[in-house]
Amino acid sequence: MGQGCLRGVSSYSSPQVVVVRDGRLGTAYRALQLLVLLYFIGYVLVAQKGYQERETGPESSVITKVKGVTRSPSKVWDVGEYVAPPEGGSSFSILTRVEVSAAQAIGTCQEVSTGTQGVRTGRCVPGGSGSSCEVLAWCPLHGGSSSESLAEMAAQFTILIKNHIRFPRFGFSKANIREAESDYLKSCTFNATSSLYCPIFRLGFLAEQAGEDFPALAEKGGVIGVIISWDCDLDLPDTECNPRYSFRRLDPKGTSASPGYNYRFAKYYIWNGTCTRVLTKAYGIRVDVIVQGQAGKFSLIPTVITLATALTSVGLGSFLCDWVLLCCMDKEQQYSSRKFEQVPLG
Amino acid sequence: MGQGCLRGVSSYSSPQVVVVRDGRLGTAYRALQLLVLLYFIGYVLVAQKGYQERETGPESSVITKVKGVTRSPSKVWDVGEYVAPPEGGSSFSILTRVEVSAAQAIGTCQEVSTGTQGVRTGRCVPGGSGSSCEVLAWCPLHGGSSSESLAEMAAQFTILIKNHIRFPRFGFSKANIREAESDYLKSCTFNATSSLYCPIFRLGFLAEQAGEDFPALAEKGGVIGVIISWDCDLDLPDTECNPRYSFRRLDPKGTSASPGYNYRFAKYYIWNGTCTRVLTKAYGIRVDVIVQGQAGKFSLIPTVITLATALTSVGLGSFLCDWVLLCCMDKEQQYSSRKFEQVPLG
Amino acid sequence: MGQGCLRGVSSYSSPQVVVVRDGRLGTAYRALQLLVLLYFIGYVLVAQKGYQERETGPESSVITKVKGVTRSPSKVWDVGEYVAPPEGGSSFSILTRVEVSAAQAIGTCQEVSTGTQGVRTGRCVPGGSGSSCEVLAWCPLHGGSSSESLAEMAAQFTILIKNHIRFPRFGFSKANIREAESDYLKSCTFNATSSLYCPIFRLGFLAEQAGEDFPALAEKGGVIGVIISWDCDLDLPDTECNPRYSFRRLDPKGTSASPGYNYRFAKYYIWNGTCTRVLTKAYGIRVDVIVQGQAGKFSLIPTVITLATALTSVGLGSFLCDWVLLCCMDKEQQYSSRKFEQVPLG
């Protein structure tokens, strides 16, 4: 190559020159290109809607409202009693079993074995097992509490979930209830055959859909996720953009370490001039409403980018094909000699 | 070049051989490439900042604090009374109207028509309309409650929203209040002319900005979203990264099925030795603070990828052009004959 | 085409002709291509796992449970007293200092200077400074409240954070506690040497990890974020997908305008037949549990796209190189003349 100058052909973006040695290889080569192209056109562009501009994570508001009433041996439970917090947000718990302490006041009493519930005064009864120390605490301690269950009727409680979403990029908003169906909404309950626009769920239905046994769930407590998915193709009419509901147990079940869902809360009274509280250990079903969504609308940019990527991938196929020819075939010499040509200087 | 025809070789990518038959087509061909290139450079690279690495969804904390006091015929309402939950999180409601029940205790009373509020005992008064059955419930039932409105003064309540965001990828954090403006902050109120760093909003201002009529909103309740957007170009100085506020009604308004926003909560007392509750049906304005954001900073990788995509798209233009020439023009034969050349064997 | 061999021109991609004038430039040219290729293979494909399909933002549920007890001069504080809201969600506050008002009832009293806490009746004491007007309010006003601190013991409170995540696209779910370690979980505390599957945190540990001084934080209040990150490579065994914890102060500290975190809440009593409340101004540490995560799994599509982008970027390098040669070198004329060849008409 003495005086000549190497005329390199940029190796990707590929070899202009593919030596196709016989018809079969040529056919395979074209078939590969076609396959890649069909894949992109068929899967990425059509099935994945690669021609659309997308927005995920819509602005969302959730308002919930629980209805139902039941009784336990000592009490009537209506919404004001068993829903906490009461504000009707996207996460709330419905009590299904409570362990209610006796009225407690600050004082000293003997420690019980179920954990630290007070501050030791230092006075311990000699000969005791170590759990017989005196503590300053809300006495009497939680040990002697009574349990009441709401499980029998709680499965019939209904939950109305009002959800309104908005995709700001497209200025599109929609709710999961319809003005036209407001009468229907007063009496309907969500099930396999009901309208999608009847977002009123029986608590027992939620548990069942999440694959849980309601009495067991009510006993130990747990978290049920109501997942509302909005997958909207805004190139279609509005009526094609509908909510989809799925239900799933969200907390790790079956762990023996701190299983289920429970929490403690107190109510305070003045009793005979003393500040008194009643501490409740509440087991319940926490309902977390999770709203997901994506919307897509035709846009030139993603279309161009997808097409460009498709064609680049076709080029990638060509490149790989070429590389095979360049490296692995016996007539390498001939091919290489065509890739680098002499350019006479000056 | 007299009688000849310019055989342009597309400078990046794609068909090596484009037979440009006359000047007009050649010009159109180059113009298309230029257009695509300009589009990418102008829109994707510059306007969309395609040269930046981006992060969306910053870590965010929101602390809210409401101020204001008003009175209703029976009561003085300060923050401890009308904000729920009181913890100052990103979602809270401000009561604007309440229907307060009489003091209720568990007992039996006659059912009222406004829904199931107790458990039927089975004793029904014969001849009644079906709603005259006796129920075990918190009696007297909710029917005879009195309504009080805070709407007149509630529009003057102010809400301080402290927001602090952090983009972990870039180690960048910023708050929506400024140390230097802490005196200003004590007296300012957010409006069109105030500093962006005065996040103290009148409740009436929120309603107005969301396009709502305050008295109507206060009567039925509703959800107002305060959307804080941080769109930060970290290639610019910190002072260019500022919060932007927008306000929107989030719940579906105008639906006759369960319109607005309300919930029930109870307060408990010992009254003459009996556990008594006062149930309040609260209509209010729930304020949901939604924090969004994205940050971008120059990075080599997205720049290269964007440029590569841009040039690929130019190639796509060339390819389409070529395809037109290959398929649709009359002198197809000549063109094809140039695409496939003979290589003598051995 | 009998004995000949079809020389196919790859229909897509790149500059056919690069005039490499001497050895050094040729080497630089190849080195640039290699560099870009290595970069993509090494960084994008291997380090960034460009061959994986990804999902971010897993479905997540968080259940928290606080333990610990302490006393202040007037009171014993257990979980029912210092955690708010009590429901064990992902955001809750632990009170560290309280300013408790005297028992308040609605009536008239003299305004105090610390802000509007009542509605002026119009009766003002002449000669006063303007703050001596009578207000209708919950009296006596907040001024004369007593402060109690829990800071000494609060650092020892422990927080159990149960987190369960799910990546719906891959059907993969995992919790941050392990069935096999449930005994271990009863006694362990999270620190630098403990198992990752011991999500029990001392409050003092959180403050320390967030770089805060606990007594100062407890005095003024603040927000600590516990960020749980799940970065899961699902091509590896499940045991490689582990939570990672980080801790950060989330509220803007050091601002003199409304520093720290505090809120007011009331408890209600009937006292001598009058509705009475005790208003507490609570300073506390709000713990926000933030769950992030991404999962990746090998998939053909992103692999192809990444490879295609890689090769396009190599092509981009070639293009730039070519552009330099075309525009900036002295023998431009010769090069250009090779780019545009004459095609004889007809």
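All chains are named by letter (A, B, ...) in the order of the sequence lines, taking the proteins before the strands, and each is independently numbered beginning at 1. What you see is a predicted model; the values in this text were computed from it and never measured.
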Item to check | Student check: side-chain heavy atoms of C/V119 and B/M153 closer than 4.5 Å | outcome: no
Checklist entry - Can you tell me how far the CG atom of B/D78 sits from the CZ atom of C/R264, to the nearest 0.5 Å? => result 8.5 Å
Checklist outcome for this item: Scanning both residues in full, the closest heavy-atom pair of C/L250 with B/S61 reads O-OG, 3.0 Å
Item to check | Segment of B/K75 engaging chain C (4.5 angstrom heavy-atom cut-off) | outcome: both
Checklist entry - Using non-hydrogen atoms only, which part of B/I270 is less than 4.5 Å away from chain C: side chain, backbone, both, or neither? => result backbone
Checklist entry - Can you say whether B/R166 sits under 4.5 Å from chain C via the side chain, the backbone, both, or neither, judging by heavy atoms? => result side chain
Next on the checklist: Are more than 12 heavy atoms, taken from residues, nucleotides or ligands other than B/R169, located less than 6.0 Å from that residue's CZ atom?
Outcome noted: yes
Checklist outcome for this item: Among residues 87-95 of chain C, those lying within the under-4.5 Å heavy-atom range of chain B are C/S93
Item to check | Winner by heavy-atom pair count (cut-off under 4.5 Å) against chain B, out of C/L136, C/D288, C/I227 | outcome: C/L136
Next on the checklist: Quick one, B/E81 with C/R277, criterion side-chain contact (heavy atoms from CB on, under 4.5 Å). Give me CA distance, side-chain angles, the key distance, then yes/no.
Outcome noted: CA-CA 10 Å; B/E81 304 294 310; C/R277 76 172 192 189; 2.7 Å; yes
Checklist outcome for this item: On a heavy-atom basis, the closest approach of B/S74 and C/I106 is O-CD1, 4.3 Å
Item to check | Euclidean distance, B/S173 OG relative to C/R248 CZ, rounded to 0.5 Å | outcome: 9.0 Å
Item to check | Minimum side-chain heavy-atom gap C/Y261-B/K65 below 4.5 Å | outcome: no
Next on the checklist: Check this for me: B/E152, atom CD, are more than 12 non-hydrogen atoms of other residues, nucleotides or ligands nearer than 6.0 Å?
Outcome noted: no
Checklist entry - Is any side-chain heavy atom of C/Q292 closer than 4.5 Å to a side-chain heavy atom of B/E59? => result yes
Checklist outcome for this item: Counting heavy-atom pairs under 4.5 angstrom with chain C, the leader among B/I165, B/T64, B/V79, B/V62 is B/V62
Item to check | B/K267 (side chain) donor-acceptor with C/Y269 (main chain) under 3.5 angstrom | outcome: no
